[in-house]
Amino acid sequence: MSETNDASLGYMGEFHLSSDETAGNLYELVQVKEFDVPTGGTREQVEATHLKSPDWRRTYLSGFYEDSDFEVLLNFRPLSDTDVMLEGALKAGDVRAFKAVLPENGEPVAQIEGTCKCTGYSRGRVTPDGVMEATATFRIVTVDDIEAYVS
């Protein structure tokens, strides 16, 4: 894709999650309002400075990866298929496949696939004049590089 000077909206973005640990089929979560773009975690840096470290500089070794979390915000609809699936994913604590679809000008152009665990599901609050929202929190287990969208 060629570089443009135009920013783009997230309109027509999608987030899909497998319905259980063994399912190969991904289910598109319904009424997603926004989501963090899933990315790999950071890598811990362990200091290895010694008395003769070159150029009076601290030295570091790369250590363990710190997994990253991301959130999906959606309109909460009690007992909808999406609500039931997210609650089940939290209770199961299993690893599930996901696919995040990234749009440009309302057209899907890129995707990120991987696996994650649901570590939180909050159904938010009920107010007299506000839309009920839920937030699902996921922890990355594996994540692929961003690639061209495949329907």
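The model shown is predicted, which means the values in this text are computed figures rather than measured ones. Only heavy atoms go into these numbers, but all of them, side chains included; no hydrogens, no water, no symmetry mates.
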Closest heavy-atom pair, Val101 versus Phe35, reported as atoms and distance to 0.1 Å, is O-CZ, 3.7 Å
For Tyr65 and Gly41, the nearest pair of non-hydrogen atoms, with its separation, is CD2-O, 4.5 Å
> Going through the distances and angles, do Leu17 and Met85 end up as a side-chain contact (heavy atoms from CB on, under 4.5 Å)?
Replying inline: CA-CA 9 Å; Leu17 185 69; Met85 188 175 79; 3.9 Å; yes
- Query: Given the rule in the side-chain contact (heavy atoms from CB on, under 4.5 Å) test, do Phe138 and Phe15 qualify, once you have shown the distances and angles that lead to the verdict?
  - Reply: CA-CA 12 Å; Phe138 298 96; Phe15 190 83; 4.2 Å; yes
Correct closest heavy-atom pair for Leu61 and Ala48 would be CG-CB, 3.9 Å
If Ile, Leu, Val, Met, Phe, Trp and Tyr residues are connected whenever their side-chain heavy atoms lie under 4.5 Å apart, and connections chain through other members, are Phe70 and Leu90 in the same group? yes
dist Leu74:CG -> Thr135:OG1 (nearest 0.5 Å) comes out at 7.5 Å
Tightest non-hydrogen contact, residues Glu104 and Ser8, listed as CA-OG, 3.2 Å
One should read off an interatomic distance between Ser19 OG and Asn25 CG, to the nearest 0.5 angstrom, of 7.0 Å
Just distance, no hydrogens or angles: give the donor-acceptor pairs under 3.5 Å from side chains in residues 118-133, sequence neighbours left out.
from: Thr119; atom 1: OG1; to: Thr137; atom 2: O; distance (Å): 3.4
from: Tyr121; atom 1: OH; to: Asp83; atom 2: OD1; distance (Å): 2.7
from: Ser122; atom 1: OG; to: Gly124; atom 2: N; distance (Å): 3.3
from: Arg123; atom 1: NE; to: Asp83; atom 2: OD1; distance (Å): 2.8
from: Arg123; atom 1: NH1; to: Glu87; atom 2: OE1; distance (Å): 3.4
from: Arg123; atom 1: NH2; to: Asp83; atom 2: OD1; distance (Å): 3.1
from: Arg123; atom 1: NH2; to: Asp83; atom 2: OD2; distance (Å): 3.4
from: Arg123; atom 1: NH2; to: Glu87; atom 2: OE1; distance (Å): 3.4
from: Thr127; atom 1: OG1; to: Gly130; atom 2: N; distance (Å): 3.0
from: Glu133; atom 1: OE2; to: Lys33; atom 2: NZ; distance (Å): 2.6

Checklist entry - Between Phe98 and Glu113, is any pair of side-chain heavy atoms under 4.5 Å apart? => result no
Contacts of Arg77 meeting side-chain contact (heavy atoms from CB on, under 4.5 Å) (sequence neighbours excluded), chain-then-number -> Val30, Gln31, Ser80, Thr82
| query | side-chain contact (heavy atoms from CB on, under 4.5 Å) between Asp81 and Tyr27: does it pass, once the steps are laid out? | reply | CA-CA 10 Å; Asp81 290 345; Tyr27 173 79; 3.4 Å; yes
Note: His16 and Leu26 closest approach over all heavy atoms is CB-CB, 3.8 Å
Side chain to side chain donor-acceptor pair (under 3.5 Å) filter on Asp67, not counting sequence neighbours, yields none
On a heavy-atom basis, the closest approach of Gly10 and Pro103 is O-CG, 3.4 Å
**OP:** Show your reasoning for whether side-chain contact (heavy atoms from CB on, under 4.5 Å) applies to Glu71 and Leu73.
**Re:** CA-CA 6 Å; Glu71 292 183 341; Leu73 176 69; over 6 Å; no
Output for pair (Gln45 CD, Thr42 OG1), nearest 0.5 Å, gives 9.0 Å
Practice prompt. Would you mind reporting whether Leu86 and Val72 have side-chain heavy atoms less than 4.5 Å apart?
Written response: no
Students should find that the hydrophobic cluster of Tyr60, defined by side-chain heavy atoms under 4.5 Å apart, otherwise consists of none
With sequence neighbours left out, the residues meeting side-chain contact (heavy atoms from CB on, under 4.5 Å) with Ser53 are Thr49, His50, Thr59
### Message
Between Arg43 and Glu66, does any NZ, NE, NH1 or NH2 come within less than 4.0 Å of an OD or OE carboxylate oxygen?
### Response
no
Would a distance-only check, ignoring hydrogens and angles, find a side-chain to backbone donor-acceptor pair under 3.5 Å from Arg139 to Ser68? no
Please tabulate, for side-chain N and O atoms in residues 140-151, each donor-acceptor pair with protein atoms closer than 3.5 Å (sequence neighbours left out).
from: Thr142; atom 1: OG1; to: Thr115; atom 2: N; distance (Å): 3.3
from: Thr142; atom 1: OG1; to: Thr115; atom 2: OG1; distance (Å): 2.6
from: Glu147; atom 1: OE2; to: Gln111; atom 2: NE2; distance (Å): 3.1

